[in-house]
Amino acid sequence: MYTRILLAVDGSDHSERAAKEAVKLVAGSSESQVTIVFVADYDDSKKEVLHSGSSAELDLKRRKKLQPIEELLAIRAVHYQVKILHGTPGPAIVEYANQENFDVLVIGSRGLNSLQEMVLGSVSHKVVKRANCPVLIVK
């Protein structure tokens with residue numbers, strides 16, 4: 001049984017499906033905890049800072065992307081915490097996962113930015129190649 005699950009999300013439909021799979025992994029376990037990780041991408045952060053009035057407003061926008069996932073976990077009575085990282089999504093997720101020694105990492109197969117996936121390769125592909133723990137990629 002998995003007790004420490006890392007759920008990487010970006011607000012996309014794929015990350016919501018990944019959250020549903022993470023819930024299945026902890027079904028019936030009161031000992032399991034899900035850590036939701038959201039990476040504030042440096043490239044996107046510059047634009048977000050310019051368009052937001054304050055850092056509180058920026059944090060609120062980021063939390064709104066996570067709201068459906070948090071609601072799902074709360075409804076299913078899953079213990080969770082949210083961690084917002086800053087950096088490039090793939091390397092930031094891998095670094096955090098490897099430092100914290102999670103039992104499994106759950107991530108959607110595609111994210112919000114399909115152009116970036118075609119040009120640079122997907123975040124999930126980078127994560128699965130470099131993470132030290134098992135990775136569940138949800139299609």
What's the separation between atom [atom1] in [X] and atom [atom2] in [Y], rounded to the nearest 0.5 Å?
{"X": "I137", "Y": "I107", "atom1": "CD1", "atom2": "CD1", "value": "7.0 Å"}
{"X": "S15", "Y": "K65", "atom1": "OG", "atom2": "NZ", "value": "10.0 Å"}
{"X": "Y2", "Y": "F102", "atom1": "OH", "atom2": "CZ", "value": "14.5 Å"}
{"X": "L7", "Y": "L25", "atom1": "CG", "atom2": "CG", "value": "10.0 Å"}
{"X": "S122", "Y": "H14", "atom1": "OG", "atom2": "NE2", "value": "11.0 Å"}
{"X": "L85", "Y": "E95", "atom1": "CG", "atom2": "CD", "value": "8.5 Å"}

Around atom CZ of R4, are there more than 12 heavy atoms of other residues, nucleotides or ligands at under 6.0 Å?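 Yes, CZ of R4 has more than 12 neighbouring heavy atoms, counting only those of other groups under 6.0 Å.
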
Do other residues, nucleotides or ligands put more than 12 heavy atoms under 6.0 Å from E31 CD? no

List in chain and number order the residues that pass salt bridge (Lys or Arg N to Asp or Glu O under 4.0 Å) with K24, two or more places apart in sequence or in another chain; answer none if no residue qualifies.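 Expected list: E21.
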
Taking salt bridge (Lys or Arg N to Asp or Glu O under 4.0 Å) as the test, write out the residues that go with E70, two or more places apart. R63

With side chain to side chain contact (heavy atoms under 4.5 Å, CB included) as the test, would you mind laying out the steps for I36 and I69 before giving the verdict? CA-CA 9 Å; I36 302 169; I69 292 163; 4.0 Å; yes

Closest non-hydrogen atom pair between [X] and [Y], with its separation:
{"X": "A8", "Y": "I93", "value": "CB-CD1, 3.8 Å"}
{"X": "T88", "Y": "V39", "value": "C-CG1, 4.1 Å"}
{"X": "G108", "Y": "A18", "value": "N-CB, 3.7 Å"}

Less than 4.5 Å apart, any side-chain heavy atom of [X] and any of [Y]?
{"X": "S32", "Y": "H79", "answer": "no"}
{"X": "L105", "Y": "C133", "answer": "yes"}
{"X": "V37", "Y": "L6", "answer": "yes"}
{"X": "Y80", "Y": "Q33", "answer": "no"}

Any donor-acceptor N or O pair under 3.5 Å, side chains Q81, T35: yes

Sort and list the pairs that fulfil salt bridge (Lys or Arg N to Asp or Glu O under 4.0 Å) and have at least one residue in residues 128-139, not counting sequence neighbours.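 Applying salt bridge (Lys or Arg N to Asp or Glu O under 4.0 Å) to every pair that reaches into residues 128-139, excluding sequence neighbours, yields nothing.
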
Backbone N/O of T3 and side chain of D103: donor-acceptor pair under 3.5 Å: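 Checked: pair present.
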
